[in-house]
Amino acid sequence: MNKYGLRLLLSLLIIVLLQSCSNEDNPAPATEPEPAKTFATLKEALESMDRVVKIEANAPKELTGKYKEVYELRFQQPVDHTNPDQKTFEQLVTIRFRGFDRPTILMTDGYDSHVWSRDYGASLGDGIGANIVEVEHRNYGKSMADDPEWTYETGWQVSTDLHEVCLVLKPVLTGRWMSMGVSKDGETAVDYCYYYPDDMQLCAAFCSPFHTSLYDLRPGKYMMDESGTEEERQVMKAGIRRYLQGGEQGLYKTFCELVAKQQEPVPTFTEYVFNVFEVYFAAFSYYHGADRKEQMAYATDTEEELFEKWYSLLDSNRDPYTYTYYIDCFKEQGFYTNDYEQFSDLLDGTSFDKTQVNATYLNPSDRWIADTYDNSHFLSILNEFLPQTSIPTLLVYSKEDPWTGARPQVINPVTTKMIINPDGIHRDNIDDPEYYAPQLSQEITDYIRRYVY
């Protein structure tokens, strides 16, 4: 055996060892996929599945006209997959069906599914003629597990939810499968393949950050140094300075007075500072061109504009589904922090506490979770799994997007492809030429078709 053959053999052995080690503390369920079965309709197939406890056909007409069958269903899952005979919960799953032998995109939600209101995966599904199975993340939306201490809110439990759905549906949807997600959804897609590498023929993650700590400075630095144009970054820095000028006696005081008039909870100065940066983080993540310029414009000309801009951010961060997101971050996934040091001349001597900013939205009863933070398996994904994985993996980022600062730095050049889109934002809408050039959209589609057909 020559040295290259030996190197390949050693790499394969390492992958096997890593995959077995990653699962040794989280034994996979004993469930095995059933043999393929033949049905006249998807509904008939779903009705034959014991774990499918409810089926509804309530999708909007624009979807029902696009697919052969569209359903929202409830899938029975164990709260704890190591004790499947104990407590269970109903997980929301939606299916957009084109054919039993078509490829299937498993949309791995990182949040709630919004049922039919968002279209993640749709443009890619159209491009390859795929079914789309979307699985809502446990403890979001309609998929609340009875887990008051957040004991089972872990990457392995979530990945095993997906694994169980896959095992039940694969005998019916017999084409090749790929996992896919956008942002936190993409983290879930990669996490799933880390724990269950044999389930999917391909993994695709769009705009997905992989944090290395609870206070990962990389996205914050990226926003300051690389997002957008130099002119936009200067506008951002000037805007931040304006918002922070005067500390707790400046615009913060005005904002608190406005919030109090609305009989809403008044934010701490630390909350306020966090949301100062969030205005611009959101502008670079989700807006483009003139829309971004409008979002970044100073919104402090009138009391109404000030309240509207700021409170919409504060309110979104207090949304129940966002709360589970913070639990996920503090348990395992980590979080980003901003480059507050650039503005230390405005923050020194105030009550702002950068060591508490990420814990602002945790209830006092859950603050203990920050003390048990363990991102060891995420570091394994970054340092071991992605650099050596044998699973074809596609990672797509946008130059403008601050989350791109937390992209993986080392990947397997043989099995993994990373694309940095010069025009896009924090989205996967590859059919929109404003965000994805046609040739780039075709490159992404061709890469995926190679593995799902």
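Throughout, residue positions are numbered sequentially from 1 according to the sequence presented.
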Original post:
Does some side-chain heavy atom of Asp126 sit less than 4.5 Å from a side-chain heavy atom of Lys66?
Top reply: yes
**OP:** Taking all heavy atoms of Ser208 and all of Gly181, pick out the closest pair and write down the distance.
**Re:** OG-O, 4.3 Å
**OP:** Determine whether the aromatic ring centres of Tyr326 and Phe335 lie less than 6.0 Å apart.
**Re:** yes
**OP:** Before giving the answer on side-chain hydrogen bond (donor to acceptor under 3.5 Å, both in side chains), spell out for Ser365 and Asn363 the whole-Å C-alpha distance, their side-chain angles and the decisive distance to 0.1 Å.
**Re:** CA-CA 5 Å; Ser365 60; Asn363 293 332; 4.9 Å; no
Would you give me the side-chain donor-acceptor pairs under 3.5 Å for residues 143-150, sequence neighbours excluded?
residue : atom : partner : partner atom : Å
Ser143  : OG   : Leu92   : N            : 2.8
Ser143  : OG   : Glu136  : OE1          : 2.6
Asp146  : OD2  : Lys87   : NZ           : 3.4
Asp147  : OD1  : Trp150  : N            : 3.2
Asp147  : OD1  : Thr151  : N            : 2.8
Asp147  : OD2  : Thr151  : N            : 3.4
Asp147  : OD2  : Tyr152  : N            : 2.8
Asp147  : OD2  : Glu153  : N            : 3.4

Original post:
Between Tyr340 and Phe277, is the gap from one ring center to the other below 6.0 Å?
Top reply: yes
Original post:
Would Tyr435 and Ile425 count as a side-chain contact (heavy atoms from CB on, under 4.5 Å) if you check the C-alpha gap in whole Å, the side-chain angles of each, and the deciding distance to 0.1 Å?
Top reply: CA-CA 7 Å; Tyr435 304 116; Ile425 56 174; 3.9 Å; yes
Original post:
Is there a donor-acceptor contact under 3.5 Å linking the side chains of His137 and Asp161?
Top reply: no
**OP:** Starting from the C-alpha separation in whole Å, work towards a yes-or-no answer on side-chain hydrogen bond (donor to acceptor under 3.5 Å, both in side chains) for Asp199 and His163.
**Re:** CA-CA 7 Å; Asp199 279 11; His163 177 66; 2.6 Å; yes
Original post:
Any side-chain heavy atom of Trp156 sitting closer than 4.5 Å to one from Thr82?
Top reply: yes
Original post:
Got Asp328 and Glu187 here, is their nearest side-chain heavy-atom distance under 4.5 Å?
Top reply: no
Original post:
Side-chain contact, heavy-atom cut-off 4.5 Å: Lys54 with Glu72?
Top reply: no
**OP:** Please report the closest heavy-atom contact between Val410 and Pro387, naming both atoms and the distance.
**Re:** O-CG, 3.6 Å
Original post:
Going by the angle between their ring planes, with limits at 30° and 60°, are Tyr196 and Tyr192 parallel, tilted or perpendicular?
Top reply: tilted
**OP:** For residues Met107 and Met180, determine if any side-chain heavy atom of one lies less than 4.5 Å from a side-chain heavy atom of the other.
**Re:** yes
**OP:** Would you check if Glu47 and Val52 make a side-chain contact, meaning some heavy-atom pair closer than 4.5 Å?
**Re:** no
Subject >> Ring centre gap for Trp403 and Tyr222 strictly below 6.0 Å >> reply: no
Original post:
What pair of heavy atoms forms the shortest contact from Asp401 to Cys207, and how long is it?
Top reply: OD2-CB, 3.7 Å
**OP:** State plainly whether the residues Glu232 and Arg292 are in salt-bridge range, i.e. N to O under 4.0 Å.
**Re:** yes
**OP:** Look at the aromatic rings of His426 and Tyr286 and report parallel, tilted or perpendicular, splitting at 30° and 60°.
**Re:** perpendicular
Original post:
Does any N or O in the side chain of Ser398 come within less than 3.5 Å of the main-chain N or O of Gly424, such that one atom is a donor and the other an acceptor?
Top reply: yes
Subject >> Distance-minimising heavy-atom pair for Ala45 and Met49 >> reply: O-CG, 3.4 Å
Original post:
Without hydrogens or angle criteria, can the side chains of Ser183 and Asp185 be said to hold a donor-acceptor pair below 3.5 Å?
Top reply: no
**OP:** Check salt bridge (Lys or Arg N to Asp or Glu O under 4.0 Å) between Asp216 and all other residues, then give those that pass, not counting sequence neighbours.
**Re:** Arg218
Original post:
Do Leu73 and Ile95 touch side chain to side chain, with heavy atoms closer than 4.5 Å?
Top reply: yes
Original post:
Which heavy atom in Phe284 sits nearest to a heavy atom in Pro402, and how many Å separate them?
Top reply: CB-CD, 3.7 Å
Original post:
Is there side-chain contact between Ile132 and Leu124, with heavy atoms separated by less than 4.5 Å?
Top reply: no
**OP:** Could you tell me whether Lys184 sits above the aromatic face of Tyr111, with NZ or CZ closer than 6.0 angstrom to the six-membered ring centre and within 45 degrees of the axis?
**Re:** yes
**OP:** Looking only at non-hydrogen atoms, find the nearest pair between Arg138 and Thr324 and report the distance.
**Re:** O-CG2, 4.4 Å
Subject >> Asp50 CG: over 12 foreign heavy atoms closer than 6.0 Å >> reply: no
